[in-house]
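Below, each value reflects all heavy atoms present in this structure, side chains not excepted, and no hydrogens, waters or symmetry copies.
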Amino acid sequence: NDAGSSVGLTVFMEEADLSEACRAALVFSPLVMIEQYIPGREFNIPVIAGEAYPVLEVDAGGVYDFNAKYLGHKTQYLVPAPISSEITRYLKEQAVKVWKALGLRNYARIDFRMTPEEDIYLLEANTLPGMTASSLVPKSAMAVGISLPELLEIILRDALEK
């Protein structure tokens, strides 16, 4: 629940697997979060200084867990996401609404899932997303020609102004 990077994440489809999933999560934290699984595609939208950056789709070819994120899995990051302009606009609008509703500042990454029927669900607001050259926020910024040093300067300038 509180380790980040999907540490301790288990996706299960049978109720009988709940106990084992909880045991696995309790290794990492005394808190366990249980959520309904939402099948579909995952989209991440960085919001920098109140502005939504290009939508990034994560295609892990399965569950986007710690292994898919960091251990050489064949995860693909598609930016800009291959979706319609209407869905792109909607996701970016929603990301900024979440940003404002939560009173966020400087930068965050807002994550959504979209079902095959195109129903969209908010997953989380990541208030401290990774900021390495291979992280998702910098990947999105690069799609509009903003390098990692430039992105960090934008974030720092925004922080200093506020």
Are [X] and [Y] connected, step by step, through hydrophobic side chains (Ile, Leu, Val, Met, Phe, Trp, Tyr) whose heavy atoms are closer than 4.5 Å?
| X | Y | value |
| --- | --- | --- |
| Y107 | V96 | no |
| Y90 | I45 | yes |
| M114 | L122 | yes |
| L91 | L102 | yes |
| I154 | L160 | no |

Open item on the list: Run the side chain to side chain contact (heavy atoms under 4.5 Å, CB included) test on V47 and I110 for me, step by step, so that the C-alpha distance in whole Å, both residues' side-chain angles and the decisive distance to 0.1 Å come before the verdict.
Closed with: CA-CA 7 Å; V47 179; I110 314 300; 4.0 Å; yes
TODO: Identify the heavy atoms of T127 and P129 that sit nearest to each other, and give their distance.
DONE: C-CD, 3.5 Å
Open item on the list: I need the minimum non-hydrogen distance between L151 and I146, along with the two atoms involved.
Closed with: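 So the two residues come closest at N-CG2, 3.6 Å.
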- [ ] Considering only Ile, Leu, Val, Met, Phe, Trp and Tyr, and joining two whenever side-chain heavy atoms are under 4.5 Å apart, list the other residues clustered with M142.
- [x] none
TODO: Report the C-alpha distance between S135 and L148 in whole Å, list the side-chain angles of each, state the deciding distance to 0.1 Å, and finish with yes or no for side chain to side chain contact (heavy atoms under 4.5 Å, CB included).
DONE: CA-CA 10 Å; S135 296; L148 179 57; over 6 Å; no
Open item on the list: Quick test of your reading: applying side-chain hydrogen bond (donor to acceptor under 3.5 Å, both in side chains), list the pairs with at least one residue in residues 147-157, sequence neighbours left out, ordered by first then second residue.
Closed with: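 The answer is S147-E150, E153-R157.
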Task: Summary of side-chain hydrogen bond (donor to acceptor under 3.5 Å, both in side chains) pairs that have at least one residue in residues 91-100, sequence neighbours excluded - done: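 Non-adjacent pairs meeting side-chain hydrogen bond (donor to acceptor under 3.5 Å, both in side chains): zero.
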Can you tell me how far the [atom1] atom of [X] sits from the [atom2] atom of [Y], to the nearest 0.5 Å?
| X | Y | atom1 | atom2 | answer |
| --- | --- | --- | --- | --- |
| D158 | N106 | CG | CG | 5.0 Å |
| E161 | R105 | CD | CZ | 12.5 Å |
| R23 | L18 | CZ | CG | 9.5 Å |
| I83 | F43 | CD1 | CZ | 4.5 Å |

Open item on the list: Taking E117's backbone N and O only, do any of them form a donor-acceptor pair with T115's side chain (distance below 3.5 Å, no angle check)?
Closed with: yes
Open item on the list: Any side-chain to backbone donor/acceptor pair from S84 onto I87? Under 3.5 Å, distance only.
Closed with: yes
- [ ] Report the C-alpha separation of N44 and V137 in whole Å, then their side-chain angles, then the decisive distance to 0.1 Å, and conclude whether the side chain to side chain contact (heavy atoms under 4.5 Å, CB included) test is met.
- [x] CA-CA 8 Å; N44 304 151; V137 171; over 6 Å; no
Donor-acceptor list for residues 50-57 side chains, cut-off 3.5 Å, not counting sequence neighbours:
| unit_1 | atom_1 | unit_2 | atom_2 | d |
| --- | --- | --- | --- | --- |
| E57 | OE1 | R41 | NH2 | 2.8 |
| E57 | OE2 | R41 | NE | 2.8 |

Task: 4.5 Å side-chain heavy-atom contact, M131 and I155 - done: yes
- [ ] Could you tell me which residues satisfy side-chain contact (heavy atoms from CB on, under 4.5 Å) with L123, sequence neighbours excluded, listed by chain and number?
- [x] I38, E42, D111, R113
Task: Pairs flagged by salt bridge (Lys or Arg N to Asp or Glu O under 4.0 Å) wherever residues 76-88 is involved - sequence neighbours left out - done: none
